[in-house]
K.L.:
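Below: one structure in structure tokens.
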Amino acid sequence: MSEVLELPKQDLGPASGFLSKTVQLFIDGEFVDAASGEIFETTNPATGEKLADIALGDAADINKAVDAARQAFDKGPWSKMTPSERQKILYKIGDLILENADELAYLESLDNGKPFSVARAADIPLTADLFHYMAAHARTMEGAIIPVSDIAVPGAEFHAYTLREAIGVIGLITPWNYPLLIAAGWQMAGALAAGNTIVLKPSEVTPLSIMRFAELAKEAGVPDGVINIVPGNGLGAGTTLTEHDLVDKIGFTGSVRTGRSILHTVADGNLKKVTLELGGKSPDIIMDDADLEKAIPGVAMGIFFNQGECCCAGSRLLVHKLVYNEVLEGLKKEAEKIKLGSGQSDTTDMGPVVSQKQEDTIMSYINSGIEEGATLVTGGKKVGEQGHFIEPTIFADVNRDMKIVKEEIFGPVLVVQSFETLEEAIEMANDTEFGLGAGIWTESLANTHQLAKAIKAGTVFVNCYNVFDAATPFGGYKMSGWGRNRGKEAFEAFTETKAVYAKLN
Ligand code: NDP
């Protein structure tokens with residue numbers, strides 16, 4: 001049974017300076033109020049207390065931001081800078097993120113609920129690393145010389161080559177689970193390295209860290225109009241960005257429902273390019289030869305890390321029948337050890353989920369699991385009067401038709417099934433409309449490589465989980481998305497390839 005640690009009075013720590021004023025939009029290099037003059041509040045999910053007032057952008061602000069980004073792209077200087085000049089600025093952004101890591105991690109923890117220790121060890125350094133990594137890519141926008149033999153033009157000689165170019169204005173729409181890492185690191189860094197300009201609409205649930213980032217980007221020397229950030233509602237700011245004819249591409253991370261809606265809008269509009277990183281229902285497989293001392297805490301971390309609010313969370317555990325009882329008992333102990341509390345407390349392992357809406361969604365899934373006859377092994381309850389704390393929850397005796405097995409919950413809820421053969425494990429792992437992540441726990445090389453090959457997922461973790469390096473591509477098979485974030489693939493996804501034929505005779 002989990003208890004919420006006593007919640008101290010809200011402590012703004014190193015974020016108090018930033019939070020002492022109304023947070024404005026960032027358009028064309030200036031911090032400005034919303035055209036409507038409207039503001040909204042962002043709150044602390046651990047206590048419900050207000051953190052700050054934020055300018056609420058809408059269609060008028062998005063239009064202004066797109067004009068600025070268009071101008072900055074078409075007229076320069078960003079797209080016309082040398083790769084080395086862009087590289088230096090991006091590298092500097094990475095450095096400034098590290099220099100201000102405590103403040104950024106505090107903002108992330110206050111706004112999202114996650115433990116400060118997690119934001120400080122993961123979200124912030126990973127974001128900086130993506131800027132350092134993508135800065136190098138600014139120097140690698142290479143084409144190729146292609147030997148051609150155009151049979152329709154007998155006797156002609158050609159010098160043919162490809163050019164890799166920036167796409168133009170990129171509209172980014174991002175969620176609340178890794179507010180800075182996804183918006184700045186996974187999306188912006190690669191887009192900027194290629195020479196594009198940006199209009200970002202972050203989730204209005206967690207706008208703080210990305211608005212502090214805007215100050216750092218300005219300090220690093222990003223020219224006016226290259227980065228524009230407009231917090232606002234999905235319906236309004238988000239749809240205006242998606243519909244906009246002067247936007248050349250949308251990079252989206254969030255729910256399947258919104259991803260689908262963006263595709264409809266784009267299909268009816270200028271057919272701008274789209275990458276989507278949507279949800280998952282990722283299998284985590286424990287074979288009978290696994291080292292259970294590593295597998296059990298590893299599986300617990302795979303689902304309970306970041307309150308389960310991870311798109312690739314290992315939310316469906318498949319366990320070999322021979323070790324099923326031992327694993328279930330071990331996981332119950334792991335879950336019950338987890339200390340819930342405010343993200344700013346040193347002793348907290350797991351913070352609150354992000355919002356009342358998310359709490360309601362998770363609790364309705366937990367209730368549906370109970371109603372559908374699954375066995376609640378541990379957890380299952382909201383904890384405390386204040387904030388949005390939910391116990392780490394494990395269900396056993398589930399079947400493939402249950403909602404908790406089929407649908408993404410995006411919270412600290414694990415469902416456990418058993419299997420007897422490798423073939424059965426593969427069939428169960430792939431029995432989902434998603435394909436984002438997967439985990440394998442085994443000491444056998446044969447099992448490792450057979451499973452890694454057979455599972456339809458964009459990332460497979462073997463004897464580990466939730467490893468996120470800047471250089472590896474991340475994205476989904478099936479309904480988990482289109483395209484990849486991070487790595488060379490993400491950089492290339494922010495470029496166009498042009499073929500050039502020069503006739504030599
Ligand atoms: P959404 O997909 O609704 O939100 C993601 C982003 O899209 C937000 O910035 C949102 O703005 C914006 N948005 C919403 N509607 C539109 C629209 N029609 N056009 C353009 N932009 C839009 O996710 P939620 O925050 O509502 O979370 C719901 C579920 O989505 C979660 O429970 C989880 O299952 C999944 N999810 C998956 C994530 C992932 O990493 N793959 C991340 C977050 C959520 P606004 O906040 O104003 O609505």
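Heavy-atom basis, side chains included; hydrogens, waters and symmetry copies ignored. For clarity, every value in this text was computed on a predicted model and none was experimentally measured. When a ligand or atom number is given, it counts from 1 through the structure's own listing order.
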K.L.:
For ligand 1, output the ligand-protein N/O contacts shorter than 3.5 angstrom; if there are none, return none.
P.N.:
residue	atom	partner	partner atom	Å
ligand 1	2 (O)	S255	N	2.8
ligand 1	2 (O)	S255	OG	2.6
ligand 1	2 (O)	T258	OG1	2.9
ligand 1	3 (O)	T258	OG1	3.1
ligand 1	9 (O)	T174	O	2.9
ligand 1	9 (O)	K201	NZ	3.1
ligand 1	11 (O)	K201	NZ	3.0
ligand 1	11 (O)	G234	N	3.4
ligand 1	18 (N)	S261	OG	3.4
ligand 1	25 (O)	W176	NE1	2.6
ligand 1	26 (O)	K357	NZ	3.1
ligand 1	32 (O)	Q358	OE1	3.4
ligand 1	32 (O)	Q358	NE2	3.2
ligand 1	34 (O)	E408	OE1	2.8
ligand 1	40 (O)	N177	ND2	3.4
ligand 1	41 (N)	G254	O	3.3
ligand 1	41 (N)	L278	O	3.0
ligand 1	46 (O)	E204	OE1	2.7
ligand 1	47 (O)	E204	OE1	2.3
ligand 1	47 (O)	G234	N	2.7

K.L.:
Are Q356 and D360 linked by a side-chain donor-acceptor pair shorter than 3.5 Å?
P.N.:
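A donor-acceptor contact under 3.5 Å links the two side chains.
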K.L.:
Please, which pairs that meet side chain to side chain donor-acceptor pair (under 3.5 Å) have at least one residue in residues 249-263, sequence neighbours excluded?
P.N.:
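Of all non-adjacent pairs touching residues 249-263, those that pass side chain to side chain donor-acceptor pair (under 3.5 Å) are Q187-T253, S255-T258.
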K.L.:
For the residue pair Q344 and S342, confirm or rule out a side-chain donor-acceptor distance under 3.5 Å.
P.N.:
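There is such a pair (donor and acceptor under 3.5 Å, judged by atom type) between the side chains of Q344 and S342.
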K.L.:
Is R400 paired with D431 through a side-chain N to carboxylate O contact shorter than 4.0 Å?
P.N.:
yes
K.L.:
Can you find a side-chain donor-acceptor pair between E108 and S209 that sits under 3.5 Å?
P.N.:
yes
K.L.:
Examine the side chains of T47 and Q386 and answer whether a donor and an acceptor come within less than 3.5 Å of each other.
P.N.:
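Result is no, nothing qualifies.
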